[in-house]
Amino acid sequence: MVKQLIIDGHPIEVEDGTTLMHACEAVGSEIPRFCYHERLSIAGNCRMCLVEVQGSPKPIASCAMLVNDLPPNKDGSPKIVSTNTPLVKKAREGVMEFLLINHPLDCPICDQGGECDLQDQAMAFGIGGSRYQENKRAVEEKNIGPLIKTMMTRCIHCTRCVRYMTEVAGVEELGLISRGEDAEITTYLENGILSEMSANVVDLCPVGALTHRPWAFNARPWEMTTTESVDVMDAVGSAIQIDTRGGAVMRILPRNNDAVNEEWISDKTRHVADGLKTQRLDQPYIRKNGRLEPATWDAALAKVAEKLKSAKPEGIGAIAGDLAGAEEMFALKDLLARFGASSFDCRQAGDKLDPKLGRGSYLFNASIEGIEQADAILIIGSNPRIEAPILNARIRKRWRAGGLKVATIGVKSDLTYPADYLGAGPETLLQVVNGQHPFAQVLKAAQHPMVIIGQGAFARADGLSVLSAAAKIALDVSVGKDPAWNGFNVLHTAAARVAGLDLGFVPGKGGKDVSAMLGGDMEFVYLLGADECDLAKLGSAFVVYQGSHGDVGAQRADVIFPGAAYTEKSATYVNTEGRAQQSLKAAFAPGEAKEDWTILRALSQRAGATLPYDTLQELRAAMYRAAPQLAMLDHVETRAVSGLETLAKLSGIMSSEPFTPAIKDFYLTNAIARASAVMAGMSALRSSHDQKLSAAE
């Protein structure tokens, strides 16, 4: 039903269920607010959004009033709503005066300064002074963990943080206690918040009561330059902004992208920035007499070129790491292929994903946004709360909407929403495949069933058989339903994985995969930021490590090429749903470090096999010809279910071993995170909590 209103003299028609606030904003009227947030439930705490409605004896809080709840005029004429009358102005000034009764004059020392809703709205809707002379109350600071700095005397009790932790993060550890003057927001047990997404409350806080502890007193917003980019800490591809000052990355914040991360990011994404400054590789190194010694670029390139030219084609291999961009993977494969190499692999964890089976066999086909359509989800060998916190929050959002049933096969864990635990391994999976398990009927009865398979299930010797079983379930439960819906979803953990598979960075004819290359019989191995496999097994191979940090790969290397981190280059990353996105260069690499593709271009020239591109644009043009899907930025293909038939027909024997977690420590999953002191502190805190929990049990 359509409701007719006249707002500030503008006639408008709005649908039932629209709030009065949104109706006012639809005609261009600005409505101030503190407690209201479009992704949280309505609280109606702050009362700043007051408007005058014809026939109402007093101003109305527009955030909590639906247009269909407005009583109709007796003559049937449209309701008149005013947002800028003297009554509304006086009411808002009064509310602002109340909010500032106890607020301290901290603006010069507050980290929220320059980005503070209270500052902005006090200037726009407040008055120049206060009639209250009483002493301001003080509130004790709270222990909310090493990421969030509290100054609770500033708090205006908007409860955004409480609603976020309860509704989005799914960790009910914040609440409002007491009443009136004694009211305060605190944790229930005076412990740090143990959530992978806790720091988003700082973005939500409108007054500076919650600020970022690792960034305290580092910089002002107007001193920094903002660059839009994408996150590489997991395979979700969250939209982020990187703020720099003087060439140094100061902070990382989320950007809004409704199709991927909405406006949230994980704590690792946000606070890994200090890892970009430590343990950096800033010049080439060559191993001499068992020790890595600094070298010039000419000497390092000449050494690698000599070894590359003398190695046999079958003895040359390359492993791409989890943070590698598509451009450097394409250039590395192009270079080594010119020397006859066919041993390439981007699957450090031993994933049994094969791009020859089609792109739909290794993507999150239903899309992240498509989770909101699902009505039954089977999670196999994955803990999305740890592997992809933002995607897990989307599942929780769908669960809160009602009508969703979730079940898991693998390690039992708290996902922040109810999930039926079916079993630990392949035996349970086979029961679902054969229709013997009750949850198989739940999937068949669902209109939009989803099967999510994680790295813990497909990164093992029988991974291809597990993938085939999951594809068979997705096909069987989709019979007779929406043909555009593809319920088979692979959840990756590495930002580089999908782009590597798209580029065919996997063994060619006669080539070796990661496990075979680690067999000890290779002559020349090129590690492109690869740190997550057992490199001690490379034996006597000549190892080149190209990366940004002195991590595991650098310790094994015979020659080190210092590369750029993801904040220091423009590169293409493809997320788990197949969405190609480009990061932008926000800062310069330290010392003599170079952008990764330029290192490979220089090496090719020194080795006598010059790559045919001199600029990033020329490289991308060649890459797009090889993998056209990488050119379709921010696009997700729609795929029919029939594309899974080949994978579903691949039968094989599955072992009885239970599925194991793909990630053991959420905070230390890559070289940048392991270089971060903040992440090390969070890892220690989580480990201590888990030990206490185990002791209590």
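Worth saying up front: this structure is predicted, and the values here are computed from it rather than measured. Heavy-atom basis, side chains included; hydrogens, waters and symmetry copies ignored.
Although no hydrogens or angles enter the test, the distance criterion places a donor-acceptor pair under 3.5 Å between the side chain of Ser367 and the main chain of Gly370. At least one donor-acceptor pair closer than 3.5 Å links the side chain of Lys277 to the backbone N or O of Val249. A donor-acceptor pair under 3.5 Å is formed between the side chain of His549 and the backbone N or O of Gly275. Proximity of a side-chain donor or acceptor of Asn489 to a complementary backbone N or O of Gly487 within less than 3.5 Å is detected. With hydrogens and angles disregarded, a donor-acceptor distance shorter than 3.5 Å links the side chain of Arg160 to the backbone of Leu204. Under a 3.5 Å cut-off, the side chain of Arg163 and the backbone N or O of Cys158 do form a donor-acceptor pair. At least one donor-acceptor pair closer than 3.5 Å links the side chain of Asn68 to the backbone N or O of Gly17. Thr567 contributes no side-chain N or O that, together with a main-chain N or O of Ala586, makes up a donor-acceptor pair within less than 3.5 Å. Formation of a donor-acceptor pair under 3.5 Å by the Asp243 side chain with backbone atoms of Met250 is not found in this model.
Put simply, the side chain of Asp231 does not reach to within 4.5 Å of the side chain of Val236, judged on heavy atoms. Looking at heavy atoms from C-beta onward, Leu391 lies in side-chain contact with Ile371 at the 4.5 angstrom threshold. Contact annotation: the side chain of Glu140 never approaches that of Met152 to less than 4.5 Å [non-hydrogen atoms, C-beta and beyond]. The closest side-chain heavy-atom distance from Ile452 to Ile395 is below 4.5 Å. Residues Val162 and Glu167 fail the side-chain proximity criterion, which asks for heavy atoms closer than 4.5 Å. Contact of the Phe364 side chain with the Met450 side chain is registered, since non-hydrogen atoms from C-beta on lie closer than 4.5 Å. Side-chain contact check for Thr660 versus Gln455: every heavy-atom pair is 4.5 Å or farther apart.
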Give the C-alpha distance, both sets of side-chain angles, the deciding distance and a yes or no for salt bridge (charged side-chain N to carboxylate O under 4.0 Å, His left out) between Arg251 and Asp111.
CA-CA 13 Å; Arg251 65 180 186 179; Asp111 271 330; over 6 Å; no
Worked verdict on Glu196 versus Lys268 for salt bridge (charged side-chain N to carboxylate O under 4.0 Å, His left out)
CA-CA 8 Å; Glu196 297 74 26; Lys268 181 167 57 176; over 6 Å; no
Stepwise, does the side chain to side chain donor-acceptor pair (under 3.5 Å) test hold for Ser195 with Glu173?
CA-CA 9 Å; Ser195 168; Glu173 295 186 5; over 6 Å; no
Derivation of the side chain to side chain donor-acceptor pair (under 3.5 Å) call for Arg255 and Asn261
CA-CA 8 Å; Arg255 286 188 297 118; Asn261 61 306; over 6 Å; no
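Under the 4.0 Å criterion applied to side-chain N and carboxylate O atoms, Asp414 and Arg385 are assigned as salt-bridge partners. Remark: Asp258 engages Arg39 in a salt bridge, criterion side-chain N to carboxylate O under 4.0 Å.
Using a 30° and 60° split on the angle between ring planes, Trp264 and Tyr164 fall in the tilted class, from 30° to 60°.
Smallest separation of non-hydrogen atoms from Cys63 and Thr19: O-CG2, 3.7 Å. Listed here is the closest heavy atom pair of Gly113 and Gln119: CA-OE1, 3.9 Å. Shown here for Asp375 and Gln447, the closest heavy-atom pair between the two residues is OD2-N, 2.9 Å.
Not counting sequence neighbours, the partners of Glu38 by the side chain to side chain contact (heavy atoms under 4.5 Å, CB included) test are Tyr36, Glu263.
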Ignoring hydrogens and angles, write down the donor-acceptor pairs under 3.5 Å from the side chains of residues 94-104, residues two or more places apart or on other chains.
residue : atom : partner : partner atom : Å
Glu97   : OE1  : Arg131  : NE           : 3.4
Glu97   : OE1  : Arg131  : NH2          : 2.8
Glu97   : OE2  : Arg131  : N            : 3.0
Glu97   : OE2  : Arg131  : NE           : 3.0
Asn102  : OD1  : Arg137  : N            : 3.0
His103  : ND1  : Arg154  : O            : 3.0

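By the neighbour-count criterion of 12 heavy atoms within 6.0 Å, atom NZ of Lys412 is sparsely surrounded, having that number or fewer from other residues, nucleotides or ligands. Residue Lys90 qualifies as open at atom NZ: its count of foreign heavy atoms under 6.0 Å is 12 or below. The number of heavy-atom neighbours closer than 6.0 Å to CZ of Arg47, taken from other residues, nucleotides and ligands shown, is 12 or below.
Applying the salt bridge (Lys or Arg N to Asp or Glu O under 4.0 Å) test to residues at least two apart or on different chains, the pairs with a partner in residues 205-224 are Glu223-Arg245.
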